[in-house]
Amino acid sequence: VIARRTGTLDRLNAWERFALLAAALCHDLEHPGVTSIFLDRAGASVAGAFKDTVLEKHHVLRTFEVMVGQDIGLLKGLSSDSYWDFRNAVAGCILATDF
């Protein structure tokens, strides 16, 4: 709604819109219901995998594991440059949700 009202959607191409939608849908993928700080202090394995922004980095990782997985292969037709542009856009949006 905000993107539409501000005219942002009109300035985005189809892949940028898809990146925004994917980030919105996946920004809390597999969220355990506790904070990154809690996971770090509890010694959770996911906390050891990432130095900071633990949950957001996990959400990004899982988003792309699902999207490029053999069962889905959603991004298989993209060139390497397009894939990384898309991945960086999605990751940037998800990482921006770390408060």
Side-chain angles (χ1 to χ4, degrees):
V1 173
I2 293 170
R4 183 166 305 208
R5 288 185 181 171
T6 61
T8 301
L9 283 181
D10 297 332
R11 294 187 295 273
L12 301 177
N13 66 40
W15 278 104
E16 290 168 330
R17 289 180 187 195
F18 181 48
L20 188 60
L21 176 63
L25 291 172
C26 299
H27 79 278
D28 271 342
L29 184 63
E30 295 183 345
H31 199 293
V34 295
T35 67
S36 292
I37 294 169
F38 177 88
L39 292 172
D40 187 45
R41 289 181 181 162
S45 60
V46 70
F50 305 108
K51 184 177 180 178
D52 57 1
T53 61
V54 171
L55 288 172
E56 286 69 25
K57 287 180 179 176
H58 175 75
H59 304 320
V60 171
L61 174 71
R62 289 296 294 135
T63 295
F64 284 90
E65 285 179 344
V66 170
M67 288 180 133
V68 302
Q70 240 177 349
D71 294 340
I72 297 177
L74 189 61
L75 306 175
K76 67 182 173 186
L78 291 179
S79 69
S80 179
D81 286 345
S82 294
Y83 169 81
W84 285 105
D85 287 345
F86 179 77
R87 185 180 176 105
N88 288 334
V90 172
C93 289
I94 292 175
L95 293 174
T97 66
D98 183 30
F99 299 129

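One is the number of the first residue; the rest follow in order along the sequence.
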*Does the side chain of Asp28 come within less than 4.5 Å of His59's, by heavy atoms?*
yes

*Partners of Glu16 by salt bridge (charged side-chain N to carboxylate O under 4.0 Å, His left out), sequence neighbours excluded?*
none

*When Ile, Leu, Val, Met, Phe, Trp and Tyr are grouped by side-chain heavy atoms lying under 4.5 Å apart, directly or through other members, which residues fall in the same group as Leu25?*
Leu21

*Short question: side chain of Arg4, backbone of Leu9 - any donor-acceptor pair under 3.5 Å?*
no

_Taking every non-hydrogen atom, the tightest pair across Leu29 and Thr63_ = CD2-N, 3.6 Å

*Of all heavy-atom pairs between Phe86 and Ala22, which one has the smallest distance, and what is that distance?*
CZ-CB, 4.4 Å

_side-chain contact (heavy atoms from CB on, under 4.5 Å) for Trp15 and Asp85? Distances and angles first, verdict last._
CA-CA 9 Å; Trp15 278 104; Asp85 287 345; over 6 Å; no

*If you look at every heavy atom in Asp52 and Lys57, which pair is closest and at what distance?*
OD1-NZ, 2.8 Å

_For Thr97, all residues meeting side-chain contact (heavy atoms from CB on, under 4.5 Å), sequence neighbours excluded_ = His27, Glu56

*Run through the side-chain heavy atoms of Ile, Leu, Val, Met, Phe, Trp and Tyr, join any pair under 4.5 Å, and report what else lands in Ile37's cluster.*
none

*Kindly give the heavy-atom pair with the smallest separation between Leu75 and Tyr83, and that separation in Å.*
CD1-CE1, 3.9 Å

*Over all atoms of both residues, closest heavy-atom pair of Phe18 and Leu74*: CZ-CD2, 3.5 Å

*Between Asp40 and Ser36, is there a donor-acceptor pair closer than 3.5 Å when you use the side chain of the first and the backbone of the second?*
no

*How far apart are the closest heavy atoms of Ala3 and Leu20, and which atoms are they?*
CB-CD2, 4.5 Å

*How about Val90 and Phe64: do any of their side-chain heavy atoms sit closer than 4.5 Å?*
yes

*asked:* Other members of the hydrophobic cluster containing Phe50, with the 4.5 Å side-chain heavy-atom rule, please.
replied: Val34, Phe38, Leu39, Val46, Val54, Leu55, Leu61

*By salt bridge (charged side-chain N to carboxylate O under 4.0 Å, His left out), which residues pair with Arg41, not counting sequence neighbours?*
none

*Rounded to the nearest 0.5 Å, what's the gap from OG on Ser45 to NE2 on His58? Could you check?*
9.0 Å

